Amino acid sequence: MAAGNYLPTAELTASGRPVLYPGEIESSLLSSVDLLSEENPNFPHLKSGLLILTNHRLLWLPNSTPVSSPTPVHIPLSAVSHIFSLKKSIKSVFSTPRIRFQVSVTSEGRVDEKGLRSIVIALVLRGKSDPEAFLGKFWEALKVRAWEEIKVGASGAEAGSSSGSRSGEGSLALRMPVVGVAGILRKEQEMWESTDKSLQDAFQDLNALMSKAKEMVMLAEKMRLKLLAGSNNQATGAAEDELGTKEEMQDWLLSVGIASPVTKESAGALYHQQLSRQLADFVRIPLERAGGTINLIDVYCLFNRARGTELISPDDLLQACSLWEKFDVPVMLRKFDSGVMVIQNKAHSDDEVFARIRSLVTKPDALQSGVSASDAAMTLGVAPAMAKEYLLTAEGKGLLCRDISPDGFRFYINLFQDINSDDVYLVRDYSIYAAWISTNSISR
C-alpha cells in the first residue's frame, strides 16, 4: 500500500531538503529510521530513511531518490495525542531503540488531527543516535505547540487592546485622598499596580515585535516561493507587479535570511550532508543574478549573512560543496587551473562565455589594444578576478593570446589560426587577420 494513502506527502526542494512552513524550524535529525505501525498490518513500513523533527511536523525522507523509492511523508504534531516513554529493561539494552507515539487517524486510517480514532506509530532507530535526547526534543516540540502561536498571537493582540482600554477607563476614576496608614498602604498598592502595568506594557511590546518578526519570516517565505516559481515560469508579470521587481525580491530575501539554518546541534552527524543540500538551495538565486557562476568567497559571505548568528567556517563550506558530487543537485564546485574555486550551475556552458569573449576581442578597439580583465568583467557581468580566469581559460583553448606588460595583462584574439604557415603573407578575405590589418592600417 502506498505511504501517501496513510500519511500526508512532504514537499522537497531540488536538493532533497524539505520545504518548510512559515515559522517552521528544525530541531533534530536522525538517519536510518524505520517508520511503522505495530498494530495495523496495512500501515506502510518505511525503512531506513531520514527523520527530521521540526516544531510543526515529523518528516520522513527516503535516503535515495529513484522512482522506486518511497514517497517523502510527514506527520503533523497536531495529530500526535501522546508520546510513550522509553521501555527500560535488560532486554531493551540489546535491542534496537523504539520510540512510540499515538496519533489521530480517520476512519480510512489516514493520519489527521481531526481523526476520531487513534493508532500507535513506532520509530525504529537503527543508526547511531541518542533516543532519550530525541524523545526530550519531541516532548518539548509537542508541549510548545508552535503551530498554534499565530492564532494565539492574534488573540493576544486583541486582548492587549481591550486591557489597554480598560486601564484607560480606570485612569479617569476619582482617586481617594492619601490619609493615615490606610492612605500609605493604598499608595504602595498603586505603586505596585503601576509597576505591574509597566511590565505588562513592555511584554506586550515584545510580543508585538515577535509577532511582526514572524510576519516578516512568512513574507520572506512567500517571496522565495514566488521567486522560484517565477524562474520556472516567465509569465508572472501581474504577480511580480504586486510584490515588486525580481531584483527587489532578491535583495529582500538576502536581507531576511534563512528561517531554519542547519546546525550541528540539530543535524548531528548529518550536519555536512544537510548543510550541503541547504547551500545548494540557497545559491540558486545568487547564481541567477551572477550569470551562472559565483566566487566561493562571495558565497561564503552571502550564506553566513543569511544564517545570522549560526555562522559556518570556510572548511564547513568547502566540505559542503565537495559533497555535491554525491547528490543530484543542479550546482557544482569548479576549480580553475590557477586554483580559484567557484560555484556554477551544471547547465552553465563555457562555450557561451567564450563566444561573448570572442565578440569582445574582435571589436576594432580590442584588435588594436586588446582587452583587460576589467573590460571582460563588464561584458560578462562578473567580478574582474573571475573574468581573468575565463580569459586565461580561453587562452588555454587557443582562442586568445596574452601580452604581459607593466600595466598588467592584455588579451588579444589569436591570429595565428588565420596565418598560413606556407605563405605568411597570404591574407584571406573576411578573416580576423584581415580585420586586424585593416584596423592597424587606419590607426596609422
Side-chain angles (χ1 to χ4, degrees), residues 283 286-302 314 317-318 321-322 324-325 330-444:
V283 298
L287 278 176
E288 289 180 359
R289 301 184 67 184
T293 305
I294 187 170
N295 195 298
L296 195 61
I297 299 176
D298 296 338
V299 172
Y300 177 74
C301 297
L302 292 173
L317 179 71
L318 187 59
C321 294
S322 62
W324 285 339
E325 297 178 358
V331 293
M332 59 179 289
L333 178 66
R334 177 181 178 181
K335 186 175 183 180
F336 286 99
D337 295 337
S338 62
V340 175
M341 288 183 288
V342 299
I343 294 175
Q344 71 177 36
N345 287 322
K346 288 184 177 179
H348 180 77
S349 174
D350 284 348
D351 295 337
E352 180 182 352
V353 177
F354 293 157
R356 296 171 67 181
I357 291 176
R358 182 180 179 86
S359 176
L360 173 66
V361 296
T362 52
K363 292 181 179 180
D365 293 341
L367 286 173
Q368 183 177 358
S369 58
V371 297
S372 64
S374 300
D375 299 330
M378 295 179 62
T379 300
L380 300 177
V382 298
M386 193 175 301
K388 181 180 177 181
E389 296 300 327
Y390 279 124
L391 292 173
L392 292 174
T393 305
E395 179 194 16
K397 299 289 185 180
L399 177 63
L400 304 177
C401 291
R402 184 197 337 169
D403 178 54
I404 303 177
S405 68
D407 296 333
F409 288 3
R410 303 292 295 185
F411 292 87
Y412 299 83
I413 188 67
N414 184 8
L415 299 177
F416 293 100
Q417 296 177 349
D418 288 345
I419 297 177
N420 189 347
S421 58
D422 298 331
D423 187 357
V424 294
Y425 298 101
L426 176 64
V427 180
R428 294 194 297 269
D429 295 336
Y430 306 108
S431 65
I432 300 297
Y433 188 28
W436 177 80
I437 293 176
S438 175
T439 301
N440 284 274
S441 299
I442 294 174
S443 63
R444 292 178 184 177

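Numbers for residues simply follow the sequence, beginning at 1. Predicted model only: the values in this text are computed from it and were never measured.
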Are [X] and [Y] close enough that some pair of their side-chain heavy atoms sits under 4.5 Å apart?
X	Y	answer
V371	K363	no
L287	I343	yes
I357	L391	yes
R334	T293	no
I404	F409	yes

Not counting sequence neighbours, which residues clear salt bridge (charged side-chain N to carboxylate O under 4.0 Å, His left out) with [X]? List them please.
X	value
E352	none
R356	none
D403	none

*Sorted by first residue and then second, give each salt bridge (Lys or Arg N to Asp or Glu O under 4.0 Å) pair with at least one member in residues 376-390; sequence neighbours left out.*
none
Could you work out, with side-chain contact (heavy atoms from CB on, under 4.5 Å) as the rule, every residue matching [X], not counting sequence neighbours?
X	value
V382	L380, M386, A387
D298	I294, N295
M341	L296, L318, L333, K335

*Rounded to the nearest 0.5 Å, what's the gap from CG on N345 to CE on M332? Could you check?*
10.5 Å
[X] to [Y] - nearest heavy-atom pair and separation:
X	Y	result
R358	L399	NH1-CD1, 3.4 Å
C401	N414	SG-OD1, 3.4 Å
A376	L360	CA-CD2, 3.8 Å
A373	P384	CB-O, 3.7 Å

Ignoring hydrogens and angles, tell me if any N or O in the side chain of [X] forms a donor-acceptor pair with the backbone of [Y] under 3.5 Å.
X	Y	value
R410	G370	yes
Y412	S369	yes
S359	A355	no

*Only counting residues at least two apart or in another chain, list the ones meeting side chain to side chain donor-acceptor pair (under 3.5 Å) with D375.*
S372
*For residues 352-394, pull every pair meeting ring-ring contact (aromatic ring centres under 6.0 Å, His included), keeping only residues two or more places apart or in separate chains.*
F336-Y390
_Counting only heavy atoms not in K397 (residues, nucleotides, ligands), do more than 12 fall under 6.0 Å from its NZ?_
no
*With sequence neighbours excluded, what pairs up with Y300 under the ring-ring contact (aromatic ring centres under 6.0 Å, His included) test?*
none
